[in-house]
Amino acid sequence: MELYLDTSDVAAVRKLARIFPLAGVTTNPSIVAAGKTPLDVLLPELQDALGGQGRLFAQVMANTAEGMVSDARKLRGIISDIVVKVPVTAEGLAAIKLLTAEGIPTLGTAVYGAAQGMMSALAGAEYVAPYVNRIDAQGGSGIRTVEELQQLLELHAPESKVLAASFKTPRQALDCLLVGCQSITLPLDVAQQFIAMPAVDAAIEKFEHDWMGAFGRTSL
Ligand code: E4P
(Lines give C-alpha, C1' and ligand atoms only; values in the text may rest on other atoms or scores of the structure.)
Protein backbone atom coordinates (compact mmCIF):
# COMPACT_ATOMS: atom_id res chain seq x y z
CA MET A 1 0.00 0.00 0.00
CA GLU A 2 0.99 3.64 -0.32
CA LEU A 3 0.85 6.04 2.64
CA TYR A 4 0.74 9.78 2.00
CA LEU A 5 0.56 12.85 4.22
CA ASP A 6 -2.09 15.43 3.30
CA THR A 7 -0.33 18.65 4.29
CA SER A 8 1.69 21.70 3.27
CA ASP A 9 3.68 21.71 6.53
CA VAL A 10 7.27 21.24 5.32
CA ALA A 11 8.78 20.89 8.81
CA ALA A 12 6.25 18.21 9.75
CA VAL A 13 6.93 16.29 6.53
CA ARG A 14 10.66 16.40 7.25
CA LYS A 15 10.06 15.07 10.77
CA LEU A 16 7.55 12.36 9.84
CA ALA A 17 9.47 11.19 6.73
CA ARG A 18 12.09 9.92 9.19
CA ILE A 19 9.48 7.85 11.02
CA PHE A 20 6.81 6.73 8.55
CA PRO A 21 7.26 4.74 5.33
CA LEU A 22 5.88 7.61 3.26
CA ALA A 23 5.07 7.31 -0.44
CA GLY A 24 4.78 11.08 -0.75
CA VAL A 25 2.67 14.15 0.04
CA THR A 26 -0.72 15.26 -1.24
CA THR A 27 -2.03 18.82 -1.14
CA ASN A 28 -5.24 20.58 -2.09
CA PRO A 29 -5.92 24.30 -2.67
CA SER A 30 -7.23 24.82 0.88
CA ILE A 31 -4.18 23.12 2.42
CA VAL A 32 -1.81 25.24 0.29
CA ALA A 33 -3.79 28.43 1.01
CA ALA A 34 -3.61 27.74 4.76
CA GLY A 35 0.21 27.69 4.58
CA LYS A 36 0.32 30.83 2.37
CA THR A 37 3.44 29.60 0.51
CA PRO A 38 3.02 29.65 -3.28
CA LEU A 39 3.30 26.31 -5.06
CA ASP A 40 6.50 27.17 -6.94
CA VAL A 41 8.23 27.57 -3.56
CA LEU A 42 6.29 24.99 -1.55
CA LEU A 43 6.52 21.98 -3.87
CA PRO A 44 10.35 21.94 -4.15
CA GLU A 45 10.51 22.36 -0.35
CA LEU A 46 8.19 19.38 0.15
CA GLN A 47 10.28 17.35 -2.29
CA ASP A 48 13.40 18.19 -0.32
CA ALA A 49 11.65 17.35 2.99
CA LEU A 50 10.89 13.90 1.55
CA GLY A 51 14.59 13.43 0.85
CA GLY A 52 14.05 13.71 -2.89
CA GLN A 53 11.96 10.54 -2.87
CA GLY A 54 8.22 10.04 -3.06
CA ARG A 55 5.43 11.48 -5.12
CA LEU A 56 3.86 14.92 -4.83
CA PHE A 57 0.28 15.81 -5.72
CA ALA A 58 -1.15 19.28 -6.44
CA GLN A 59 -4.49 20.40 -7.79
CA VAL A 60 -5.51 22.48 -10.79
CA MET A 61 -7.53 25.66 -10.15
CA ALA A 62 -9.10 26.29 -13.59
CA ASN A 63 -12.75 25.42 -14.30
CA THR A 64 -12.43 24.46 -17.97
CA ALA A 65 -10.70 21.41 -19.40
CA GLU A 66 -8.29 23.57 -21.42
CA GLY A 67 -7.50 25.67 -18.35
CA MET A 68 -6.92 22.54 -16.26
CA VAL A 69 -4.52 21.19 -18.89
CA SER A 70 -2.65 24.49 -18.82
CA ASP A 71 -2.52 24.38 -14.98
CA ALA A 72 -1.26 20.79 -15.15
CA ARG A 73 1.59 21.81 -17.45
CA LYS A 74 2.51 24.62 -15.03
CA LEU A 75 2.59 22.15 -12.12
CA ARG A 76 4.76 19.75 -14.16
CA GLY A 77 7.07 22.71 -14.83
CA ILE A 78 7.64 22.98 -11.06
CA ILE A 79 7.94 19.24 -10.31
CA SER A 80 8.46 17.16 -13.43
CA ASP A 81 6.80 13.98 -12.13
CA ILE A 82 4.02 15.54 -10.05
CA VAL A 83 0.60 13.87 -10.07
CA VAL A 84 -2.03 16.42 -11.08
CA LYS A 85 -5.25 16.46 -9.06
CA VAL A 86 -8.34 17.18 -11.13
CA PRO A 87 -11.86 17.53 -9.63
CA VAL A 88 -14.17 14.93 -11.18
CA THR A 89 -16.61 17.31 -12.89
CA ALA A 90 -17.65 17.17 -16.56
CA GLU A 91 -14.77 19.53 -17.46
CA GLY A 92 -12.47 17.61 -15.14
CA LEU A 93 -13.19 14.33 -16.93
CA ALA A 94 -12.42 15.99 -20.27
CA ALA A 95 -9.16 17.30 -18.78
CA ILE A 96 -8.20 13.87 -17.43
CA LYS A 97 -8.67 12.40 -20.92
CA LEU A 98 -6.49 15.13 -22.47
CA LEU A 99 -3.81 14.81 -19.78
CA THR A 100 -3.78 11.01 -20.09
CA ALA A 101 -3.20 11.39 -23.84
CA GLU A 102 -0.29 13.74 -22.98
CA GLY A 103 1.18 11.19 -20.57
CA ILE A 104 0.57 13.36 -17.48
CA PRO A 105 -0.55 11.27 -14.47
CA THR A 106 -3.72 12.44 -12.76
CA LEU A 107 -5.77 11.88 -9.63
CA GLY A 108 -9.53 12.28 -9.80
CA THR A 109 -10.44 14.31 -6.72
CA ALA A 110 -13.56 15.65 -4.94
CA VAL A 111 -15.10 12.17 -5.29
CA TYR A 112 -18.33 11.70 -3.34
CA GLY A 113 -19.72 8.67 -5.21
CA ALA A 114 -18.34 5.36 -6.47
CA ALA A 115 -19.71 5.80 -10.01
CA GLN A 116 -18.27 9.33 -10.20
CA GLY A 117 -14.88 7.98 -9.13
CA MET A 118 -15.01 5.11 -11.62
CA MET A 119 -15.60 7.58 -14.48
CA SER A 120 -12.33 9.33 -13.67
CA ALA A 121 -10.53 5.98 -13.68
CA LEU A 122 -12.04 5.10 -17.06
CA ALA A 123 -10.92 8.50 -18.34
CA GLY A 124 -7.35 7.51 -17.38
CA ALA A 125 -6.79 8.78 -13.83
CA GLU A 126 -4.04 6.81 -12.09
CA TYR A 127 -5.60 7.52 -8.67
CA VAL A 128 -9.14 8.22 -7.50
CA ALA A 129 -9.68 10.04 -4.18
CA PRO A 130 -12.99 9.47 -2.38
CA TYR A 131 -13.58 11.97 0.46
CA VAL A 132 -14.34 9.58 3.32
CA ASN A 133 -15.15 11.96 6.19
CA ARG A 134 -16.97 14.47 4.00
CA ILE A 135 -19.23 11.64 2.73
CA ASP A 136 -19.88 10.57 6.32
CA ALA A 137 -20.62 14.18 7.28
CA GLN A 138 -23.30 14.32 4.57
CA GLY A 139 -25.04 11.28 6.05
CA GLY A 140 -23.51 8.77 3.63
CA SER A 141 -20.99 6.01 4.29
CA GLY A 142 -17.45 6.90 3.31
CA ILE A 143 -16.22 3.36 3.90
CA ARG A 144 -19.01 1.83 1.82
CA THR A 145 -18.18 4.27 -1.01
CA VAL A 146 -14.52 3.23 -0.83
CA GLU A 147 -15.51 -0.44 -0.87
CA GLU A 148 -17.75 0.00 -3.92
CA LEU A 149 -15.16 2.10 -5.74
CA GLN A 150 -12.46 -0.45 -4.97
CA GLN A 151 -14.61 -3.24 -6.46
CA LEU A 152 -15.47 -1.15 -9.53
CA LEU A 153 -11.82 -0.39 -10.21
CA GLU A 154 -10.79 -4.02 -9.79
CA LEU A 155 -13.50 -5.08 -12.24
CA HIS A 156 -13.38 -2.30 -14.82
CA ALA A 157 -10.29 -0.12 -14.41
CA PRO A 158 -7.53 -2.24 -12.86
CA GLU A 159 -4.83 0.28 -13.84
CA SER A 160 -6.27 2.83 -11.37
CA LYS A 161 -5.95 2.90 -7.58
CA VAL A 162 -8.14 4.22 -4.80
CA LEU A 163 -6.29 6.89 -2.80
CA ALA A 164 -8.73 7.44 0.04
CA ALA A 165 -8.73 10.97 1.49
CA SER A 166 -10.51 13.23 3.99
CA PHE A 167 -9.98 11.47 7.32
CA LYS A 168 -10.76 12.70 10.80
CA THR A 169 -9.99 9.50 12.74
CA PRO A 170 -7.48 6.62 12.52
CA ARG A 171 -10.45 4.21 12.56
CA GLN A 172 -11.78 5.63 9.27
CA ALA A 173 -8.36 5.07 7.67
CA LEU A 174 -8.04 1.55 9.06
CA ASP A 175 -11.51 0.62 7.82
CA CYS A 176 -10.59 1.83 4.32
CA LEU A 177 -7.46 -0.32 4.31
CA LEU A 178 -9.45 -3.31 5.59
CA VAL A 179 -11.83 -3.10 2.63
CA GLY A 180 -8.80 -3.20 0.33
CA CYS A 181 -7.99 0.36 -0.74
CA GLN A 182 -4.37 0.51 -1.91
CA SER A 183 -3.46 4.00 -0.76
CA ILE A 184 -4.49 6.61 1.79
CA THR A 185 -3.54 10.18 2.57
CA LEU A 186 -3.66 11.29 6.19
CA PRO A 187 -3.75 14.73 7.79
CA LEU A 188 -0.93 15.19 10.30
CA ASP A 189 -3.07 14.75 13.42
CA VAL A 190 -4.51 11.43 12.22
CA ALA A 191 -1.06 10.16 11.14
CA GLN A 192 0.35 11.01 14.57
CA GLN A 193 -2.56 9.24 16.29
CA PHE A 194 -1.50 6.01 14.55
CA ILE A 195 1.48 5.76 16.89
CA ALA A 196 0.65 8.09 19.82
CA MET A 197 -1.31 6.08 22.38
CA PRO A 198 -1.19 6.84 26.14
CA ALA A 199 -1.25 3.09 26.90
CA VAL A 200 2.01 2.60 24.95
CA ASP A 201 3.79 5.33 26.95
CA ALA A 202 2.44 3.83 30.18
CA ALA A 203 3.73 0.35 29.19
CA ILE A 204 7.23 1.70 28.49
CA GLU A 205 7.27 3.66 31.77
CA LYS A 206 6.37 0.46 33.65
CA PHE A 207 9.23 -1.47 31.95
CA GLU A 208 11.68 1.27 32.99
CA HIS A 209 10.30 1.38 36.54
CA ASP A 210 10.62 -2.40 36.96
CA TRP A 211 14.14 -2.44 35.46
CA MET A 212 15.26 0.43 37.68
CA GLY A 213 13.89 -1.41 40.73
CA ALA A 214 15.93 -4.51 39.90
CA PHE A 215 19.18 -3.08 38.47
CA GLY A 216 19.32 0.58 39.59
CA ARG A 217 19.46 1.89 36.02
CA THR A 218 17.24 2.02 32.92
CA SER A 219 19.88 0.92 30.38
CA LEU A 220 20.64 -2.72 29.44
C1 E4P B 1 -7.57 15.08 -0.74
O2 E4P B 1 -7.59 14.88 -1.93
C3 E4P B 1 -8.55 15.98 -0.13
O4 E4P B 1 -8.34 17.23 -0.69
C5 E4P B 1 -8.48 16.08 1.36
O6 E4P B 1 -8.08 14.87 1.94
C7 E4P B 1 -9.77 16.59 1.93
O8 E4P B 1 -9.71 16.53 3.34
P9 E4P B 1 -10.75 17.32 4.27
O10 E4P B 1 -12.10 16.76 4.01
O11 E4P B 1 -10.28 17.06 5.66
O12 E4P B 1 -10.65 18.77 3.89
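Both counts, for ligands and for their atoms, begin at 1 and track the order of listing. Values below: all heavy atoms of this structure, side chains included; hydrogens, waters and symmetry mates excluded.
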Original post:
Does T26 come within less than 4.0 angstrom of ligand 1, counting non-hydrogen atoms of the residue?
Top reply: no
Subject >> contact_flag D6 ligand 1 heavy-atom lt 4.0 Å >> reply: yes
Atoms of ligand 1, numbered as shown, that sit under 4.0 Å from any heavy atom of [X]:
X    : result
K85  : 1 (C), 2 (O), 4 (O)
T109 : 2 (O)
N28  : 3 (C), 4 (O), 5 (C), 7 (C)

Subject >> pair M68-M61: side-chain heavy atoms closer than 4.5 Å >> reply: no
Original post:
Under 3.5 Å, is there a donor-acceptor pair between the side chain of Q182 and the main chain of M1?
Top reply: no
Is it the case that the side chains of [Y] and [X] hold a donor-acceptor pair, with the cut-off being a distance below 3.5 Å and no angle test?
X    : Y    : answer
E154 : Q150 : yes
Y127 : E2   : yes
N133 : S166 : no

Original post:
Among protein heavy atoms, which sits nearest to atom 8 (O) of ligand 1, and what does the distance come to when rounded to 0.1 Å?
Top reply: S166 CA, 3.5 Å
Original post:
Looking at atom 7 (C) of ligand 1, what's its closest protein heavy atom, distance included?
Top reply: R134 NH2, 3.6 Å
Original post:
Is there a path from I31 to F167 through hydrophobic residues (I, L, V, M, F, W, Y) whose side chains come within less than 4.5 Å of each other?
Top reply: no
Original post:
What about F20 and F194, are their ring centers closer than 6.0 Å?
Top reply: no
**OP:** Select one of side chain, backbone, both or neither to describe which atoms of Y131 lie under 4.0 Å from any atom of ligand 1, heavy atoms only.
**Re:** side chain
Original post:
Can you find an N or O of K168 that's nearer than 3.5 Å to an N or O of ligand 1?
Top reply: yes
